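Not measured: the values here are computed from a predicted model. A, B, ... follow the sequence lines: proteins, then strands. Residue 1 opens every chain.
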Number of protein chains: 2
Amino acid sequence: MVTIYDIAKQANTSAVTVSLALRNSKRVSESTRQKIHEIAREYGYRPNPLARGLVGAKTKTIAFVFNFSSNELSHDLSYMEYFHAIAQAAAERGYKIYFHSSTEAIPIEKLIEDISLHRVDGMVLGTELTDSDREILRKTDIPTVIVGRDIRGKKLTSVSTDDYDGIRQAVEHLLSLGHKRIAFVGKSSRETAIARYESYRETMSQAGIPIDDELIIETSYDMDAGEYAGRKLGELENPPTAVVAASDLLAIGIISGLKHKGLKVPDDVSVTGYDNLHISQFTVPALTTIDLLRMESGKIVIDALLGLITGKREGEKIRTEVKLIVRDSTRRITRREERREKSEERGEKRET
Amino acid sequence: MVTIYDIAKQANTSAVTVSLALRNSKRVSESTRQKIHEIAREYGYRPNPLARGLVGAKTKTIAFVFNFSSNELSHDLSYMEYFHAIAQAAAERGYKIYFHSSTEAIPIEKLIEDISLHRVDGMVLGTELTDSDREILRKTDIPTVIVGRDIRGKKLTSVSTDDYDGIRQAVEHLLSLGHKRIAFVGKSSRETAIARYESYRETMSQAGIPIDDELIIETSYDMDAGEYAGRKLGELENPPTAVVAASDLLAIGIISGLKHKGLKVPDDVSVTGYDNLHISQFTVPALTTIDLLRMESGKIVIDALLGLITGKREGEKIRTEVKLIVRDSTRRITRREERREKSEERGEKRET
DNA sequence: CTGAAAGCGCTAACAT
DNA sequence: ATGTTAGCGCTTTCAG
């Protein structure tokens, strides 16, 4: 392993000068700076991040903490794609990743302890937060970006997708296709779920449509739950003509569930998803959904974090754009659906 | 930050003794060992992994290198699920993860350099390998486990799913349902693809069925490719009655592609996938596929790696079990299909 | 069974 | 503009 001492010897100078020169300090003359850089390249010198970290310098490493809990595989796909996008953005900017995964929710305190031991320059969180976690996070001075939470602090920035706008776009799309009896699947007390549900309610009421509580389904975001919700909606005396799902996974489940009850998508019912997973363009039917622009968003996350690290930016709340993608799971309301909507008769179910 | 010196002071002993005691060396008397442990716990002492790494000791950290290339999102879902499983197994055993992701293939040489700088105890690879990569890897003395490759070395173990067996199970399942005209989608020169294709050929010929080359489709593993392959098969004068796909993503694409050509799954064509992604149980129809038993496999990977790290095991080649999961995308061949199979007439296509 | 000394590779403070 | 000294927290000789 080649160290700054080796370089120093070759350059007839001291380790300090080498260290300084390599970090392009202006305390070193241009000529020696160049010479040192050249020798370093020649020798294939690479700074030891451990040694750097030990003396408290920057390590060019950031910690990632996402909890992919097994039970709630729900969001995982979306998180995983997001994780990937952020990881890529970090790599592009020369940052290494120190990754924490865990099944259980980790107390933030433990986490910070562990992370500060590794002397990362900052961290990206994608975990659930308790109240005390928030308290601690707000005060921490480790530059932190958290995704999908509504919070900020001196060194804490949150980046969230604009879910309120997303669901509004979905509902308005359905409205524009003539649907009125629109169900919402995915109400929940989880923080990421709240804006979606509220947006649904408000957009509906702004359109002057009363909300039928039997069309609101409280559930987690995974496919199993969607399947169940789809069946439940399909069994209704008067099923919806359209469904807004709070996630793509839910939507896929819902389509399957509806089908089991003899309702076809989009023929009998239109369904919108949320996330635009890579897979959603290939489901049958391809999903009309809300794109989270993850690659963009990943860059935004990393840039915000680097801003925090360098001190060029303060903690902020960032909301990223989302975009409706129209595919095949939604269509203009049909006569039959309208009739069904009016009547109280049980819809004619066909077998698959 | 509490160090061994703090503990030493409290315990009226030296840092060395503390260091030794904390690692349960038998060079320390039982009484002092206990006292030191107690004080350490009380003070919330946590060893600094950087300092440990700097002196060349174990860091309880392993590197993960998976390349989720954007273009070949193909395998990503499968890899991501696998990644998750391994990460969890590592966490359960108290290992931290240092994560490398990159869009491009990384020259192994660079990688090892970078990784050894971080003094990880070992690494888990899930990347493509060039010949020179193999050369280097076989010689490296960093304990390494690589997934999905056929290679081993002194400190290098490979863990692969038994794909030959997997495809055999899929083909035999189709055979048992009366299918004979079975297509294979996903032939490719990629290492993970070879066994699957060969297994298909051999299982078919063992069943005495000649292979029709127009039923073999050479392609990558992603959904787009599947969609295309499905259309191509659907356009054939004499389409297959069943399709073996080399990945679930392919299968999902194929089902969609076939549908566009008026062929329904499983009514007109049976399709098997490969991977058993979480999502595959919820597609319509739910996929008959090969389960990779990833959680098991993740543990096998980590245990093999720990074996290498502790020197208790040598490099080996491990093949993990896979298991057929029968769902709704396959069914017994129908009269109509049989007729179609015999005739040369173009199949009657219906609209969706 | 325990301790003193040395050093891993680097950087920050304090000289020169 | 450059060099010297010291120390980050830990472990590994080597001596008692």
Protein-nucleotide distance (B:Asp6, atom CG; D:dC10, atom C1'), rounded to Å: 13 Å
Show me the side-chain donor-acceptor pairs of residues 39-47 of chain A shorter than 3.5 Å, one per line, residues at least two apart or across chains.
residue : atom : partner : partner atom : Å
A:Tyr43 : OH   : A:Gln10 : OE1          : 3.4
A:Tyr43 : OH   : A:Gln10 : NE2          : 3.1

Protein proximity profile, nucleotides 6-13 of chain C - base contact B, sugar-phosphate-only contact S, no contact -, cut-off 4.0 Å on heavy atoms: -BBBBBB-
Sequence neighbours excluded - salt bridge (Lys or Arg N to Asp or Glu O under 4.0 Å) pairs with any residue from residues 306-319 of chain A: A:Asp150-A:Lys317, A:Asp150-A:Arg319, A:Lys154-A:Glu314, A:Arg313-A:Glu316
Integer-rounded Å distance: D:dC10 C1' and B:Lys60 NZ: 17 Å
Pairs where residues 107-155 of chain B contributes a residue and the test ring-ring contact (aromatic ring centres under 6.0 Å, His included) is met, not counting sequence neighbours: B:Tyr98-B:His118
Under-4.0 Å side-chain N/O to phosphate OP1/OP2 contact, A:Thr17 with D:dT2: no
Donor-acceptor contacts under 3.5 Å from residues 13-20 of chain A side chains, at least two apart:
residue : atom : partner : partner atom : Å
A:Thr13 : OG1  : A:Thr17 : OG1          : 3.4
A:Ser14 : OG   : A:Val16 : N            : 3.4
A:Ser14 : OG   : A:Thr17 : N            : 3.4
A:Ser14 : OG   : A:Thr17 : OG1          : 3.2
A:Ser19 : OG   : A:Arg23 : NH2          : 2.8

Partners passing ring pair (Phe, Tyr, Trp, His ring centres under 6.0 Å) against A:Tyr82 (at least two apart in sequence or in another chain): none
From CD1 (B:Ile86) to CZ (B:Phe64), nearest 0.5 Å: 5.0 Å
Under-4.0 Å side-chain N/O to phosphate OP1/OP2 contact, B:Ser14 with C:dA4: no
